[in-house]
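Read the numbers this way: they start at 1 and go in the same order the structure lists the ligands and their atoms.
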Amino acid sequence: MIKPPAIEIQGLTKAYNGVKALQGVDITIEEGQFYGLLGPNGAGKSTTINILTGLVRREAGSTKIFGRDTVKDFRFTRAQLGIAAQELPIDWFFPIKKLLAFQAGYYGISKRQAQAQIDELLERLGLSKKRNSRLRQLSGGMKRRYQIAKALVHNPKIIILDEPTAGVDVELRHELWDYLRELHKAGKTILLTTHYIEEAELLCEEVAIIDEGKIIKQGQPQQLTRELGRSGVTIHLSGWHADLPNLLSEYTCTDCDQGRLHFTMREPEQALPSIIKILVEKGCHIHRIETERSSLEDVFLSLTGKGIDR
Ligand code: ADP
């Protein structure tokens, strides 16, 4: 029998008082995949996640976890998910190790059974020393790590992280990325929402770009940047020849002066040899070539005509 996908969303729509938050979203995430939902603020990322977890009611369409409906089979589907939400937790009164034990309890895991998992999570997320602290005594970054521990305490198969590194400093961001990579290696299915392009590029095997409640593109990050991105190439040179602008006219030279040529192109590895040949034949001396790799930001820009951080 073919295994159902870990997450399958089809034709999902949602409006809040007439505001169309989702307009027919389709997403399929296979088990074990590291998947990124990428889009600017207000694109519909949280709404999608909140429907999967039962916090928000879907309007039309279907949402399934391992082939089972998230509304009809709520108990089963919810137990498969660990969610690190964006909102800060509000349970201020207990030490975090206790809060994690409560959380495990919601999934029917006894305190004794949960203990080893809690210890390991606190250790792995650098919170061991804070095990007896209250949430309000933790720094912003620590609270974020606590959120992740909370998502993982019942050892779910699918981990959903809503903007896990928003507002987190660079060092902690890298630590969290390493940890997410480990979870992925261990076979977890991960759905991450982000508006940090770099995060999606570095971590995700597959991304969906969402804007105004619609998935506008889906694919592997590298494939998308190859297909839709544009790289910048700068050639520093001496020995200018008056024919050059003419000879290079078939390439998009966005900045063309006597010491420096800047091109924007889809596939620099294809065009560069011919450009260099022309320059050398005209007696130019090439000092340096710089390339800027295109990114998902370019992809987003070429699809929507606007930046992701607008
Ligand atoms: P994202 O997570 O990508 O930032 P959201 O899913 O939070 O986007 O929001 C999608 C759209 O739905 C936005 O226009 C937002 O203002 C609106 N929205 C989200 N939640 C609510 C709500 N509870 N009530 C009314 N509008 C909402």
>> Looking at Lys64 and Asp73, is any side-chain nitrogen of the basic one under 4.0 Å from a carboxylate oxygen of the acidic one?
In response: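 Not counted as a salt bridge, because no side-chain N and carboxylate O are separated by less than 4.0 Å.
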>> Tell me whether Lys150 forms a cation-pi arrangement with Tyr146, defined as NZ or CZ under 6.0 Å from the six-membered ring centre and within 45 degrees of its axis.
In response: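 Because its charged atom misses either the 6.0 Å distance or the 45° angle limit, Lys150 does not stack over Tyr146.
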> What atoms of ligand 1 come within less than 4.0 Å of a heavy atom belonging to Ala43?
Replying inline: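 Those atoms are 1 (P), 3 (O), 8 (O).
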> Can you list the atoms of ligand 1 that are under 4.0 Å from a heavy atom of Pro40?
Replying inline: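 Atoms satisfying the 4.0 Å criterion: 3 (O).
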> Does any N or O in the side chain of Arg173 come within less than 3.5 Å of the main-chain N or O of Leu176, such that one atom is a donor and the other an acceptor?
Replying inline: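 No: the side chain of Arg173 does not pair with the backbone of Leu176.
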> Between Glu8 and Ser62, is there a donor-acceptor pair closer than 3.5 Å when you use the side chain of the first and the backbone of the second?
Replying inline: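 Here the side-chain-to-backbone pair does not exist.
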Check whether any N or O atom of [X], backbone or side chain, sits under 3.5 Å from an N or O atom of ligand 1, and answer yes or no.
| X | value |
| --- | --- |
| Gly42 | yes |
| Asn41 | no |
| Gly44 | yes |

> Rounded to the nearest 0.5 Å, what separation is found between the CD atom of Glu290 and the CD atom of Glu292?
Replying inline: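 The distance works out to 8.5 Å.
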>> Distance check, rounded to the nearest 0.5 Å: Leu135 atom CG versus Met142 atom CE?
In response: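 The CE atom of Met142 is 11.5 Å from CG of Leu135, to the nearest 0.5 Å.
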In terms of residue, atom name and distance, what is the protein heavy atom nearest to [atom]?
| atom | answer |
| --- | --- |
| atom 6 (O) of ligand 1 | Thr47 OG1, 2.6 Å |
| atom 7 (O) of ligand 1 | Ser46 CB, 3.7 Å |
| atom 17 (C) of ligand 1 | Tyr16 CD1, 3.8 Å |

> Protein heavy atoms: any of them under 4.0 Å from atom 15 (C) of ligand 1?
Replying inline: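 So atom 15 (C) of ligand 1 lacks protein heavy-atom neighbours under 4.0 Å.
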> Distance below 4.0 Å between atom 20 (N) of ligand 1 and any protein heavy atom?
Replying inline: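 There is a protein heavy atom less than 4.0 Å from atom 20 (N) of ligand 1.
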> Do you reckon Phe34 sits in the same ILVMFWY cluster as Ile215, going by side-chain contacts under 4.5 Å, direct or chained?
Replying inline: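 Phe34 and Ile215: separate clusters.
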